[in-house]
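Both counts, for ligands and for their atoms, begin at 1 and track the order of listing. Fair warning: this is a prediction, and the values are worked out from it, not measured in the lab.
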Amino acid sequence: MKKNTTSKGWGSVAVHGGHRPDAAHAHLTPIYASSTYVFDSAEQGMHRFTGQEPGYIYARWGNPTVTEAEEKIALLETYGLNLEAKGILHASGMAAITTLLMSTLSQGDKILSHFSLYGGTDELVHRILPRFGISAVIGDLRDLDRAEELLKSDRSIKMLYLETPANPTLQCVDLAALCALAKKYNCLVACDNTFATPYLQQPLAHGADFVIHSTTKFLNGHGTAIGGILIGKDVERMKTSIGKFFRTTGACASPFDAYLLTQGIKTLEVRMDKHCANAEQIAAFLDQHAAVARVNYTGLSSHPDHVIASKQMRHAGALLSFELKNGLQGGIDFMNKLQLCVRAVSLGTCDTLLSHPASMTHFSVPKEEKEKYGITDGLIRMHVGIETAADIIADLDQALQ
Ligand SMILES: *Cc1c(COP(=O)(O)O)cnc(C)c1O
């Protein structure tokens, strides 16, 4: 495989990677609002269709504004690695996950995964894919012996599907160890890297075959568009069977959203540095607060996955959760008192977002189910923004009174 040969720094690739000079000398790649592309001759049309000549044909298949975002993210996911990868931008993170699972798995195949997958992924894996004969085996994959036992006992498992760190308790799994196991049992490995971003963690470096992002989050960075990307290191497969599935099922990204995404990624490094520095201060503040029973943040040595996270991530990231001592009502009261911080689900925006799973995302989930995911009544999930840390802390402090 080809090396990502750039000798440039991470920030330079984030800013310039994927950019091609524009025919009209526009500084930024324009938003190509065109549904179809023109052939100079019948022969050229033929050559584009057969792939003999590169070029755009129809915007469901590809678009120059979209290509720039795809190439930029693929370069960042392979930064410094001896491999090449191809990204396909989708209309949403869920669309990218759907393409991955439906284009690589067939009836009778299984995936091996863990608890506390993203809600949409959980729904897809447990309620939609079973109708097509694709099912999931769920285990605690932090226990490597258990993971091997599951892989060994069920040879219809064709893919390990990982999310690390995972919502809402920031559980992490050992990417290198699980990829090595998967290889032994001839399994593909996919990792949802949304929480970490390629700046903090590179699943491909540990042996993963696919990386997925909801680009809606940190990559876009400003909460201005929904999007998702599927990146694969088997470039041929990405161009053929997976690309064909994508082109046919039509979950393509809009060029406007791709444009916003490209501009967002350019500042990913500086944003992440600030998100992470803020999160560290806020975790320390919450950790010593009398109203807080527990803080889940992998940057704290008290987190059960602190060691794994430190091994495979540049920094613990900007997501944390904490448990209030006063249960459901305590959580509701706290949320209502927030003034600077925003009450909203999602993550990766410039502003700090907090949600209370027990009264919001998981309100209708039975208690035993919730506990399996580590969701207690007083649990608050927090995405730490890039505001001034002292202001975030002051807001939390007054809301905790
Ligand atoms: C948001 C999210 C998704 C889904 O992405 P959409 O862009 O909302 O479709 C998948 N995985 C994780 C970890 C997410 O946070």
Engineer: To the nearest 0.5 Å, what is the distance between NE2 (His362) and NZ (Lys370)?
Structural biologist: 8.5 Å

Engineer: Can you confirm whether the side chains of Gln201 and His206 place a donor and an acceptor under 3.5 Å from each other?
Structural biologist: no

Engineer: Purely on distance, is any nitrogen or oxygen of Ile97 under 3.5 Å from one on ligand 1?
Structural biologist: no

Engineer: Is the shortest side-chain heavy-atom distance between Met382 and Thr352 below 4.5 Å?
Structural biologist: yes

Engineer: Please name all residues satisfying ring pair (Phe, Tyr, Trp, His ring centres under 6.0 Å) with Tyr56, sequence neighbours left out, ordered by chain then number.
Structural biologist: Tyr37

Engineer: Taking the ring centre of each residue, are His213 and Phe218 less than 6.0 Å apart?
Structural biologist: no

Engineer: Below 3.5 angstrom, do we get any N/O pair linking Ile226 and ligand 1?
Structural biologist: no

Engineer: Would you mind running through ligand 1 and noting each atom that sits below 4.0 Å from a heavy atom of Phe195?
Structural biologist: 13 (C), 15 (O)

Engineer: Give the atom numbers and elements of ligand 1 that come within less than 4.0 Å of a heavy atom of Ser214.
Structural biologist: 1 (C), 2 (C), 3 (C), 4 (C), 5 (O), 6 (P), 7 (O)

Engineer: Heavy-atom contact under 4.0 Å between Gly227 and ligand 1?
Structural biologist: yes

Engineer: Name the closest protein heavy atom to atom 8 (O) of ligand 1, giving the residue it belongs to and the distance to 0.1 Å.
Structural biologist: Tyr118 OH, 3.8 Å

Engineer: Would you say the side-chain atoms of His222 and Gln263 include a donor-acceptor pair closer than 3.5 Å?
Structural biologist: no

Engineer: Side chains of Leu400 and Leu324, heavy atoms from C-beta outward: is any pair under 4.5 Å?
Structural biologist: yes

Engineer: Against heavy atoms of Glu163, which atoms of ligand 1 measure under 4.0 Å?
Structural biologist: 13 (C)

Engineer: Within the 4.0 Å heavy-atom shell around Asp192, which atoms of ligand 1 are there?
Structural biologist: 10 (C), 11 (N), 12 (C), 13 (C)

Engineer: When you compare ligand 1 with Lys217, is there at least one nitrogen or oxygen pair between them that comes in under 3.5 angstrom?
Structural biologist: yes

Engineer: Quick one: look up the protein heavy atom nearest atom 9 (O) of ligand 1 and list residue, atom name and how far away it is.
Structural biologist: Met94 N, 2.9 Å

